[in-house]
Amino acid sequence: MREITYLEAVREAMSQEMRVNNDVFILGEDIGVYGGAFGVTSGMIEEFGPERVRDTPISEAGIAGTAVGSALTGMRPILDLQFSDFITIAMDQIVNQAAKIRYMYGGKGMVPMVVRTPSGSGTGAAAQHSQSLEAWVTHIPGLKVVQPSTAYDAKGLLKAAIDDDNPVIFYEHKLLYKTSSHVPEDTYSIPLGKADVKREGSDVTIVATAIMVHRALEAAMELAKEGIDVEVIDPRTLVPLDEEAIITSVSKTGRVVVVHEAVKRGGYGAEIASMIAESEAFDYLVAPIKRLGAAPSPVPYHPELEKAHVPQVPNIIQAVKEMLKRA
Amino acid sequence: MDRLIVPDKITDNKLINLYKQMWVIRFFEEKVDEYFAKGMIHGTTHLAIGQEASAAGVCALLDVEDKITSTHRGHGHCIAKGATADKMMAELFGRTTGYCKGKGGSMHIADVDMGNLGANGIVAGGIPLAVGSALTAHMKKLNYVTVCFFGDGATNEGSFHEAVNLASIWKLPVIFVCENNQYGMSSPVKEMVNVDNLATRAQAYGIPGVVADGNDMIEMMNVTDEAIKRARRGEGPTFIEAKTYRWKGHSKSDTKKYRTLEEEKEWMRKDPIKRFKNDLMKAGFLTKEKAEKLQEEAKKVIEDAVKFADESPMPTLDDLLTDVYA
Ligand SMILES: Cc1ncc(C[n+]2csc(CCOP(=O)(O)OP(=O)(O)O)c2C)c(N)n1
Ligand SMILES: [Mg+2]
């Protein structure tokens, strides 16, 4: 079976779509000969040319709005936003325009665009190049939010995102770019709003996103050695959220740890926890819901501080054990 | 012997010190380059080797009270504004003795005591900050000026245009210094902007726009002097475009596919340090021996900085949550 990296999977999803649909194009900073800050678009300008792999000036507000306007009038742009931290600059066009146009116009018009953007820490790039700000966009009705954790998911979810007639924010994790998994060569689509059980278990549910899926799986393997059976659920898309998959799992295990890389305060884990508390799964809980997220500080530069800033495998193991001790 | 025409403020002694300073900047960056390549420093870095004249030439005219805002490519600005290589190197090594206690790294070095309001990881992020600093000077009737460094690429951000306009309508004491090194990360300025000189953009905001040879120390000092005088007279901002070139890639991961070796060589022949050395020698300020001695001294500054950084303590986990709020 063929294995490719997460980075290659993202590129393949775009290339395959661009081969069959002339309306799909990419715009962004340094995506041409440079191949993008992380190499995702490497080789694409050679295949598709500078019209469809469009190098832009450093103008996030302008290029975001240009994407929205072209989407509104019949194109299907993919905006390559070099680092997800820079969404701050593109935010007006994404939040006040893209997200609202269809609703404000009474159901007329649509904005079929994808904002692909790398997020997360672990590269030593410090406070302005390492954030996980996905909770901001989940708060905005009209936007969909995707966070793939594997190469397989990245390819299928990106196809679904490009096919979707709404603005989709597609978060790619920098530390996952070089991870590989089995990825079919043919195109396939993973529906937005469908969670994936990455590991089945009966004692505790861990709901984890992006890089935390991998840390949760590692923790689960360690815990299995001590006879603790962990289920790992990857929502894959935050909006729409597969509530049912989470509720089913938590109803089975009675215990849940929610873990993400974003700062815990105001993070999307709060939404997931509240959703569980409001659901019928509440009756099955035998311990309080536990959330793990980054410390309430900007991302520090020093490598040890940077690691300590976000949940690591031992933190997840500890959270699970403490939860089991309680009940 | 050629006579050097430099601003009054630039004494003979200062000229000599500036020559040494340029080497301190060059050696600092070469050392950083080496350590990144060896994996001894983590994260990322942006080197301004080849651009020393704009940093040193502009800051030569500034007093301690004057302020600068800098960029991701800011080591040179920082040294030229009076920072010590010790604390800068310590920052890159992630030590508590570093300018940001090891929490900021290369892209965030600030030396507020010396008037450096900080490097910036956000392209054009420092431009409105500089205007704000100039607004303080204006409102508190303080006499300092603020120099705002940024790249060619930054002039395509909305915040550049908004900030320059503000500074112009309020006649604020700020000098916009655009270091046009011909490229953003990979994008040639020729393809990203439809005017030959970025200084032309100043016209739209009703302020003077000056094109300068960014590899010529003497010219950089003279145009800056003019701009500062204008700012101190209350006549408002000036935009200086310093044409220059970065010898190295954009950051450590750059393979430089977007430019040619010939072009690089052509610009390396215009080495700003060599040029300044020739100017100083021709005017009788410097002998070959003296030049070599200064270069050796500069090298020693960096060796000492490495030693200082290496012997400095690492932060502890208790430092994670300090300094989030004032
Ligand atoms: C808002 C924002 N967009 C993009 C980037 C990524 N980036 C960092 S430096 C750079 C190029 C900047 O070019 P220029 O302003 O000419 O400065 P130079 O690097 O040439 O010194 C880019 C695109 C960023 N850091 N911030
Ligand atoms: Mg540049």
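The chains referred to below are lettered A, B, ... by the order of the sequence lines, with proteins before strands, and numbering in each begins at 1.
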> What pair of heavy atoms forms the shortest contact from Ser251(B) to Tyr34(A), and how long is it?
Replying inline: OG-OH, 4.3 Å

>> Does any backbone or side-chain atom of Glu91(B) lie under 4.5 Å from a heavy atom of chain A? Answer side chain, backbone, both or neither.
In response: both

> Out of Gly158(B), Ser187(B), Pro315(B), which one racks up the most heavy-atom pairs below 4.5 Å with chain A?
Replying inline: Pro315(B)

> Considering only heavy atoms, which portion of Asp254(B) lies under 4.5 Å from any heavy atom of chain A: side chain, backbone, both, or neither?
Replying inline: both

> Given a strict heavy-atom distance threshold of 4.5 Å, which part of Phe160(B) is in contact with chain A: side chain, backbone, both, or neither?
Replying inline: neither

> Side chain, backbone, both or neither: which part of Thr123(A) has a non-hydrogen atom closer than 4.5 Å to chain B?
Replying inline: backbone

> Given that the side chain runs from C-beta out, which part of Met185(B) has a heavy atom under 4.5 Å from chain A: side chain, backbone, both or neither?
Replying inline: both

>> So which residue, Gly62(A), Ser297(A), Ala126(A), ends up with the most heavy-atom pairs under 4.5 Å with chain B?
In response: Ser297(A)

>> For Gln203(B), I'd like to know if atom CD has over 12 heavy atoms of other residues, nucleotides or ligands within 6.0 Å.
In response: no

> Quick one: what part of His108(B) sits under 4.5 Å from any heavy atom of chain A, side chain, backbone, both or neither?
Replying inline: side chain

> With a 4.5 angstrom heavy-atom cut-off, which part of Thr88(A) approaches chain B: side chain, backbone, both or neither?
Replying inline: neither

>> How about CD1 on Ile169(B), more than 12 heavy atoms from neighbouring residues, nucleotides or ligands closer than 6.0 Å, or not?
In response: yes

>> Could you check whether any side-chain N or O of Tyr301(A) sits under 3.5 Å from a backbone N or O of His42(B), counting only pairs where one atom can act as donor and the other as acceptor?
In response: yes

> Looking at side-chain heavy atoms only, is the closest gap between Asp55(A) and Glu191(B) below 4.5 Å?
Replying inline: no

> Which distance, rounded to the nearest 0.5 Å, do you find between the CG of Leu320(B) and the CD of Glu304(A)?
Replying inline: 12.0 Å

> Tell me, side chain or backbone of Pro303(A) under 4.5 Å from chain B's heavy atoms, or both, or neither?
Replying inline: both

> What option among Glu29(A), His302(A), Glu306(A) has the most heavy-atom pairs under 4.5 Å with chain B?
Replying inline: His302(A)

> Should the heavy atoms of other residues, nucleotides or ligands under 6.0 Å from NZ of Lys248(B) be counted, would the total exceed 12?
Replying inline: no

> So which of Asn156(B), Thr316(B), Thr255(B) has the biggest tally of heavy-atom pairs under 4.5 Å with chain A?
Replying inline: Asn156(B)

> So which of Pro298(A), Ala127(A), Pro296(A), Ser130(A) has the biggest tally of heavy-atom pairs under 4.5 Å with chain B?
Replying inline: Pro296(A)

> Nearest 0.5 Å, what's the CD1-OG distance between Ile31(A) and Ser186(B)?
Replying inline: 9.5 Å

>> Could you check whether any side-chain heavy atom of Met192(B) comes within less than 4.5 Å of a side-chain heavy atom of Ile58(A), counting everything from C-beta outward?
In response: no

>> Nearest 0.5 angstrom please: Phe83(A) CZ to Ile122(B) CD1, how far?
In response: 9.5 Å

> How far does OG of Ser253(B) sit from CZ of Phe38(A), to the nearest 0.5 angstrom?
Replying inline: 8.5 Å

>> For the interface with chain B, which of Asp85(A), Val33(A), Asp30(A) has the highest count of heavy-atom pairs at distances below 4.5 Å?
In response: Asp30(A)

> Hey, is NZ on Lys243(B) packed in by over 12 heavy atoms from elsewhere, all under 6.0 Å?
Replying inline: yes

> With chain A, which of Thr45(B), Thr322(B), Leu321(B), Asp323(B) has the greatest number of heavy-atom pairs at distances under 4.5 Å?
Replying inline: Leu321(B)

> Side chain, backbone, both or neither: which part of His129(A) has an atom under 4.5 Å from a heavy atom of chain B?
Replying inline: side chain

